[in-house]
Amino acid sequence: MRARGMPLGLLPGMSYEEKEVVLQPGDTLLLYSDGLVEAHNPEREMLGFQQVRG
């Protein structure tokens, strides 16, 4: 699943898309903010989505 739309709580009265996923034993769920993918290493390179995916 991938988030789309406006950030939660940014605009009052905003409607949001809803999805449901059933997690099975052994599944992993990672909740993160943009701060993770925008983090920089000592060489000042941004981490990015590919690095988070592994």
Side-chain angles (χ1 to χ4, degrees):
M1 293 178 65
R2 201 151 182 140
R4 296 190 307 255
M6 296 297 286
L8 187 60
L10 185 64
L11 299 173
M14 187 74 181
S15 62
Y16 296 93
E17 178 181 349
E18 294 183 28
K19 298 225 178 191
E20 183 175 317
V21 172
V22 176
L23 298 176
Q24 301 298 321
D27 287 348
T28 301
L29 174 66
L30 172 65
L31 303 174
Y32 63 93
S33 73
D34 60 348
L36 177 61
V37 295
E38 293 176 1
H40 289 78
N41 65 16
E43 288 77 35
R44 302 183 53 83
E45 300 166 323
M46 199 161 54
L47 183 59
F49 287 105
Q50 290 296 76
Q51 294 294 346
V52 172
R53 280 188 181 161

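Under the 4.5 Å side-chain heavy-atom criterion for Ile, Leu, Val, Met, Phe, Trp and Tyr, Phe49 and Met46 are members of distinct hydrophobic clusters.
Between Leu29 and Leu23, the shortest heavy-atom contact is CB-CD1, 4.1 Å. In plain terms, the two heavy atoms of His40 and Glu38 that are nearest each other are ND1-O, 3.0 Å.
Within 6.0 Å of CD in Glu18 there are 12 or fewer heavy atoms belonging to other residues, nucleotides or ligands.
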